[in-house]
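This structure is a prediction, so every number in the text was calculated from the model and none was measured. Along the sequence shown, residues are numbered consecutively beginning with 1.
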Amino acid sequence: MPFILLLLAVPVGEVFIFLEVGSVIGTWPTIGLIVGTAVAGGMILRWQGLQTLARARRQLAANRLPVAEMAEGAALALAAVLLLTPGFFTDALGTLLLFPPLRRSLLRRLIARLAPQARHAGADDASGADGARVIEGEYTVLDDAPEPGPPGARPNGGNR
């Protein structure tokens, strides 16, 4: 229910802000601001996205998972959606995500909030994805070639 209210409140708020800003600075300057923020935000997003991609590649080259870079990439994708959505409120939110210190702080808070849920979901470390019990162990293949001798005979003369 809160999500539906948000979906209704954001466009209504944007229209209200459009009307207020338009009444102060005029229609064309208002439209120019909307287009200008989308273009400027897109340019900054491209630059930051390429930097994030380069960091992710360096992490992969060092045989490390680029988890932080993936999270930042997702935040930048959200910023892109917000900046390309016409409106001052969504542009403001998208612009906030363009500031790396703020973006990283928000991501840390989000991860800290989700981490207890993730630990709870995987509480039984000995269970697999389908809930089956997993037993870890090691094995060694001694010989893959079939033993010479009569069919059905056991190696080393064993009678088990």
Side-chain angles (χ1 to χ4, degrees), residues 1-139 141:
M1 188 67 171
F3 184 70
I4 293 173
L5 290 175
L6 185 66
L7 284 177
L8 293 173
V10 169
V12 169
E14 292 289 14
V15 168
F16 176 77
I17 296 170
F18 282 146
L19 293 173
E20 291 297 312
V21 171
S23 70
V24 173
I25 65 171
T27 302
W28 290 111
T30 303
I31 292 172
L33 276 173
I34 293 167
V35 172
T37 56
V39 170
M43 290 174 15
I44 294 169
L45 261 164
R46 182 170 185 251
W47 178 67
Q48 287 191 7
L50 291 173
Q51 284 184 326
T52 303
L53 182 60
R55 283 195 315 271
R57 285 182 177 166
R58 284 193 300 272
Q59 291 289 329
L60 287 172
N63 288 328
R64 286 180 273 175
L65 286 177
V67 176
E69 289 75 13
M70 290 173 23
E72 283 200 36
L76 287 171
L78 177 60
V81 168
L82 290 170
L83 286 167
L84 293 175
T85 302
F88 291 111
F89 179 70
T90 54
D91 284 349
L93 292 177
T95 301
L96 289 175
L97 287 174
L98 292 180
F99 293 104
L102 180 60
R103 179 177 61 238
R104 290 176 186 138
S105 174
L106 289 172
L107 288 172
R108 275 193 300 273
R109 287 182 183 176
L110 179 65
I111 289 169
R113 188 172 183 167
L114 294 177
Q117 295 172 1
R119 277 195 297 271
H120 178 58
D124 185 10
D125 291 337
S127 64
D130 60 356
R133 185 91 171 140
V134 175
I135 301 173
E136 292 187 32
E138 295 181 17
Y139 69 94
V141 176

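With hydrogens and angles ignored, the 3.5 Å screen pairs no side-chain donor or acceptor of S105 with any backbone N or O of P101. Without hydrogens or angle criteria, E14 side chain to F89 main chain gives a donor-acceptor distance under 3.5 Å.
With rounding to the nearest 0.5 Å, the separation of CG in L53 from CZ in R55 is 10.0 Å. Note: D91 CG to I34 CD1 = 7.5 Å, rounded to the nearest 0.5 Å. Within the model, atoms CZ of R57 and OG1 of T52 stand 12.0 Å from one another, a figure rounded to the nearest 0.5 Å. With rounding to the nearest 0.5 Å, the separation of CE in M70 from CD in Q59 is 11.5 Å. How far CZ of F18 is from OG1 of T27: 11.5 Å, rounded to the nearest 0.5 Å. Between the CG atom in L107 and the CG atom in L97 there is a gap of 8.0 Å [rounded to 0.5 Å].
For the pair P100 and Q48, the minimum side-chain heavy-atom distance is below 4.5 Å. Side-chain contact check for L110 versus L106: every heavy-atom pair is 4.5 Å or farther apart. Using a 4.5 Å heavy-atom cutoff, the side chains of F88 and L33 are in contact. Between Q51 and W47, some side-chain heavy-atom pair lies under the 4.5 Å cut-off. You'll find the side chain of T90 reaches within 4.5 Å of the side chain of V10, heavy atoms only. Using a 4.5 Å cut-off on side-chain heavy atoms (C-beta onward), R103 and L76 make contact. L83 has its side chain within reach of L98: a pair of non-hydrogen atoms, C-beta onward, lies under 4.5 Å apart.
Heavy-atom minimum distance, G94 versus A79: O-CB, 3.7 Å. The minimum heavy-atom distance linking V81 with T85 is given by the pair O-OG1, 2.6 Å. Of all non-hydrogen atoms in L60 and P66, the two that sit nearest each other are CD2-CD, 3.7 Å.
Around the CG atom of L50, the shell of radius 6.0 Å holds more than 12 heavy atoms that belong to other residues, nucleotides or ligands.
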